[in-house]
Amino acid sequence: MNVVQAVLSGGLIGGLYALMAVGLSLTWGMLRVISVMHFALILIGGYLALQLNSSWGLDPLLSIVVTVPALFLLGAGVQWAYDTFRLTEFNSLLVSFGLLIVVIQIATNIWTADFLGMESNRYAVGSIHLGRLVLPATTLLAFAFAVVLIVGAHLVLMRTFLGRAMRAFSQDRAVAAAFGIHDRTLAFLIAGVAGASAAVAGTIFVLGNHIAPTVPYNWFGTVFAVVILGGIGNLMGTLWAGIGVGVLSGLVATVWSPSAEPLVLFLAIALALVLRPQGLFARSRVT
Amino acid sequence: MSGRRGVGIVVAIAVLLAVLGFYNDAVGLPVYYLVLAGTVLYWVTQSTSWNLLSGYAGYFSFGQGAYIGVGAYTMAVMTGRHSVNFLVSLAVGILLSAILAWVTGAIAFRLKSLRGEIFALLTLAVPFILAAAAMITPSIDGGQGTTLPVPAMPSWIGDFQHLMFYLNLIVATVAVCIAVVVTSSRFGRGLTAINDAEDAAEVMGVPTFRYKMIAIVVGGAIGGAGGGLFALQIGFISVETVFNLTIPLTVIVISVLGGRRHWAGPIVGAFLIVLLQDRLSSAGLTAWNPIIFGALLAVLVVLAPEGMLPKLRAHPAISLGAFVLVTAAGFAIPGMATTDALLAGVIAAVVVASAASMLPRTSRRPRAAIDARRAEPKTERVDASAGRSTDSGSAPARGGRPIAPANPQVPRSSARTVVECHEVSRNFGGVQALREVSLRIWSGELVGLVGPNGSGKTTLMNLLSGALQPTTGAITITGRPIRGLAPHRVAHAGVARTYQIPKPFGSMTVRDNVAMAIMFGRQAPSLESARQQAGSFLATVALEHASNSYPNDLTLHQRLMLEMARAMAADPEVLLLDEALAGLNPAEIDEAVTVIRRIHQKGIAIVVVEHLLRVLHQLATRIVVLNNGVLIADGEPSVVLTDPEVVAAYLGRSRPVPAAEGGDDRA
């Protein structure tokens with residue numbers, strides 16, 4: 001029974017992992033930048049939701065209306081900097097690491113280094129009982145958001161003209177630009193959408209967890225595992241990988257030990273990197 | 001600087017520091033400075049460890065914490081839990097750390113694609129895996145952390161801080177001396193070549209796998225030594241203190257700030273960063289530390305990826321002047337701390353050197369000479385675009401001069417077999433790129449290898465140079481089977497190649513690019529003698545005037561010539577030229593043809609892949625045609641090129657051959 005509960009909860013939390021990873025996967029796959037700054041955006045999204053809730057009593061899910069545009073702009077702004085300095089994929093990793101450290105310290109200065117949680121949070125209390133299984137409302141929300149947003153984005157990418165432009169862009173930016181796709185605008189748009197996804201992920205995170213400025217370091221293993229296992233730039237793959245990683249983490253924590261979770265996750269990443277390094281990128285066809 | 005002299009200077013400075021530390025009370029130096037110096041030395045050790053693989057060879061690692069962690073935990077567990085002597089523990093920690101590095105390298109370097117960001121992410125995972133393993137193993141940590149006793153030591157050393165200072169000094173000195181020796185050795189040149197263009201380095205005879213393994217293992221050992229001392233210093237080790245992300249980032253910032261290509265880079269970087277952090281902390285601005293840190297990393301990568309050391313070295317006089325002046329001024333101000341004055345001095349030197357580097361310099365690389373050469377009147381040309389001659393022989397192209405007659409074909413009875421392919425096949429998944437190709441190339445031949453796109457030409461080139469292994473069949477070079485040999489071994493067997501897209505070593509001059517090939521060739525002379533020999537090869541390709549330029553300043557044509565000079569300098573039996581004429585204009589093609597012929601006259605067999613049939617027709621002594629992976633013709637150019645099967649394969653329709661050759665087959 002414990003195992004069934006672990007698998008179910010893990011799969012639902014996997015929705016949150018997928019939400020956190022999808023922006024990183026999108027920018028890495030399409031813009032060829034490895035922006036660990038994305039973790040900072042999730043952090044900011046979480047703190048903003050928390051702040052709006054405690055200052056104005058705004059419902060956390062309503063606060064998305066504010067945080068999504070804000071982080072859309074921030075994400076696009078960071079991409080503007082990457083583009084302006086023509087960073088290579090590898091240098092973007094270094095630069096965004098530097099930016100992440102700066103944001104974490106600024107967050108510490110504003111919100112202290114302590115763990116903060118949402119008070120008067122009606123989502124944290126609710127849960128659905130299925131026999132002896134308990135499904136907390138926060139994880140159900142995470143899962144629902146992940147499915148709706150990621151499947152929606154997938155459909156946009158596959159079925160619309162804009163999506164086709166984006167896929168063309170991800171295969172060869174220069175060639176797409178030569179065929180009349182405004183590449184910088186499109187890059188802003190993609191990075192902005194990634195930022196917006198960070199706002200949602202941050203909000204969902206603070207619904208069910210306490211947040212501190214250094215939590216991004218704890219996200220590294222999970223999020224990179226989801227991005228790499230799901231196929232870099234592959235949205236549906238990210239969703240499946242998120243659920244898979246959630247189930248795996250839940251199982252390891254229940255059957256073995258919660259401390260062993262990072263061991264398994266990072267071994268999975270290392271194996272994926274070693275076994276299919278050139279197959280990491282999703283192969284998307286432009287039709 | 002020669003290695004021996006560099007080591008001498010480093011050891012002399014270390015001895016001076018040791019003496020200063022021993023008599024610190026007598027000269028009025030508070031213990032605080034010993035601790036500060038120990039911290040600087042600790043980071044010098046770690047950055048030097050990181051530099052060996054990541055700085056010199058360009059394999060950036062986020063895994064420095066892993067070596068520190070292994071060294072620190074070995075020290076903590078052995079001295080803290082089993083009361084083993086700390087020097088023994090240090091030695092065991094070094095060994096374990098080196099083994100970890102060996103395992104990491106053995107996994108990562110087996111795969112060619114594990115470079116750049118993929119390698120970085122793999123190394124990022126290593127400390128996390130170790131941290132989790134330590135957390136779930138109670139005999140190592142188990143989440144409790146481990147306390148270390150203060151080590152027992154002879155009384156003449158003084159107190160604990162003296163001991164730590166000496167230990168850090170010894171380890172850092174050894175590390176820096178290793179770096180000095182490495183950077184001035186052929187090993188160090190090889191690492192630089194790996195950083196610049198790894199594939200080219202390998203086919204030129206650099207044993208890239210072995211070099212990377214040596215670099216990562218030595219780096220791991222140094223890192224483990226530093227980690228052990230770190231554990232002794234702080235006396236309590238937990239997972240968070242050693243396996244965190246700040247360590248690799250600090251190391252990267254120090255190395256990149258100082259300069260990752262030179263042994264002194266970590267010293268400059270560590271001095272600046274540790275002093276800066278110390279001053280910020282004592283000013284109560286600890287919270288600013290990470291902000292400055294992160295901003296430095298972001299800004300440095302964008303604006304000064306080569307670091308401060310090259311700038312300081314370019315302007316030694318004014319940098320030193322600024323340092324002395326500002327530091328002295330700081331001392332003169334009453335009440336200003338010594339460290340404040342020092343930091344101000346270092347920052348002044350860095351700022352002045354950076355500013356001086358931004359000013360335009362008068363004696364730049366001799367680009368003008370190159371430009372002048374390009375403007376020379378072009379008299380000779382193989383009129384490739386206009387050549388619609390209807391003759392089938394070696395008649396001149398319309399409007400052009402005749403190409404000098406090819407070397408008379410060497411009679412095969414007296415020639416040696418240089419290359420022999422026996423029923424060689426190569427599959428990629430289900431695709432058969434080559435099917436039972438048998439081919440023999442004699443010394444003195446100039447073989448043109450032609451065929452439509454996808455016919456297997458490049459596959460054959462890669463098989464001959466050892467970059468790929470045949471699925472079935474055997475290849476021998478001068479009678480020696482090359483199955484299973486790494487490309488650098490194949491190079492030593494006598495194969496050299498050029499790339500269609502030139503892959504020069506960007507950080508080396510044109511002369512040194514050629515000298516590398518000589519140095520890692522079959523004779524393996526020293527760099528100095530290789531440099532002297534390089535001139536004649538540059539003369540053969542008419543690049544002598546650009547010896548001191550850097551590859552970035554060359555035109556495409558000149559870079560292709562550099563490729564040929566490098567390949568020739570490796571003293572090969574057979575030279576493989578992969579589309580050596582692609583992208584050149586008619587005048588440049590003409591020059592290249594002259595050069596190829598010159599190389600041929602030196603007695604080197606040449607295999608050239610080229611689409612310009614008209615050029616090949618007159619250059620080659622023999623033409624081999626591949627189609628769909630099958631060798632369909634082999635023989636005299638004029639015979640082969642009029643063969644109906646060849647015409648059909650190459651042009652897809654029946655047509656008199658010479659008339660069909662023109663500029664349009666370059667498309």
Side-chain angles (χ1 to χ4, degrees), chain A residues 28 32 34 36-37 40 81-82 84-106 108-109 113 213-214 216-218 220-221 224-225 227-228 256-280, chain B residues 58-60 62 104 107-108 110-138 141-143 239-240 243-246 248-250 252-253 256 286-303 305:
Chain A
W28 190 355
R32 290 289 190 273
I34 310 177
V36 287
M37 180 65 184
Y82 294 157
T84 302
F85 293 111
R86 296 174 184 285
L87 288 185
T88 61
E89 191 169 344
F90 185 68
N91 282 348
S92 72
L93 181 58
L94 289 177
V95 169
S96 62
F97 233 132
L99 296 177
L100 173 65
I101 300 172
V102 173
V103 170
I104 286 177
Q105 188 56 44
I106 291 174
T108 313
N109 293 356
T214 50
Y217 294 141
N218 305 339
F220 260 74
F224 269 112
V227 169
I228 288 167
W256 193 359
S257 150
S259 311
E261 251 180 74
L263 186 71
V264 175
L265 280 181
F266 278 102
L267 279 177
I269 298 180
L271 274 179
L273 288 175
V274 170
L275 295 183
R276 41 176 286 208
Q278 57 280 84
L280 288 178
Chain B
Y59 274 75
F60 269 49
F62 282 121
T104 311
I107 294 172
R110 286 279 165 216
L111 296 159
K112 282 193 171 175
S113 45
L114 269 177
R115 290 181 190 170
E117 57 284 338
I118 302 295
F119 179 79
L121 287 176
L122 186 72
T123 56
L124 179 68
V126 177
F128 280 98
I129 293 172
L130 292 178
M135 283 294 273
I136 57 176
T137 314
D141 183 290
V239 166
E240 292 78 25
F243 291 117
N244 61 47
L245 278 171
T246 334
L249 290 175
T250 310
I252 292 175
V253 169
V256 174
T286 315
W288 278 89
N289 258 335
I291 294 183
I292 289 180
F293 222 68
L296 255 182
L297 180 60
V299 170
L300 276 174
V301 169
V302 173
L303 296 182

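Protein chains get the first letters and strands the later ones, always in sequence-line order, with residue 1 at the start of each. For the numbers below, each heavy atom of this structure counts, side chains included, while hydrogens, waters and symmetry mates do not.
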Spacing of CZ belonging to B:F293 relative to CD belonging to A:Q105, to within rounding of 0.5 Å: 12.0 Å
Nearest-0.5 Å distance that lies between atom CD1 in A:I269 and atom CZ in B:F128: 8.5 Å
Leading residue by heavy atom contact count with chain B [cutoff under 4.5 Å; candidates A:L87, A:T88, A:I101]: A:I101
Atom of [X], atom of [Y] and distance for their closest heavy-atom approach:
X: A:L263; Y: B:A132; answer: N-CB, 3.4 Å
X: B:I291; Y: A:N109; answer: CD1-ND2, 4.2 Å
X: B:F119; Y: B:F60; answer: CD2-O, 3.3 Å

Chain B contact via [X] - side chain, backbone, both or neither, heavy atoms under 4.5 Å:
X: A:N91; result: both
X: A:S257; result: side chain
X: A:L94; result: both
X: A:Y217; result: both
X: A:L267; result: both

Give the member of B:A131, B:G294, B:A295 that has the highest number of heavy-atom pairs under 4.5 Å with chain A. B:G294
Could you have a look at B:V302, B:V126, B:I252 and say which one has the most heavy-atom pairs with chain A under 4.5 angstrom?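 Top count of heavy-atom pairs under 4.5 Å with chain A: B:V302.
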Given heavy-atom pairs under 4.5 angstrom as the criterion, report whether the side chain, backbone, both or neither of [X] touches chain A.
X: B:L122; answer: both
X: B:L249; answer: side chain
X: B:L296; answer: neither

Pairing donors with acceptors under 3.5 angstrom, does anything connect the side chains of A:W256 and A:E261?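 Short answer, no.
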A:I34 backbone acceptor or donor facing A:S96 side chain under 3.5 Å: yes
Give the C-alpha distance, both sets of side-chain angles, the deciding distance and a yes or no for ring-ring contact (aromatic ring centres under 6.0 Å, His included) between A:F220 and A:F97. CA-CA 12 Å; A:F220 260 74; A:F97 233 132; 5.6 Å; yes
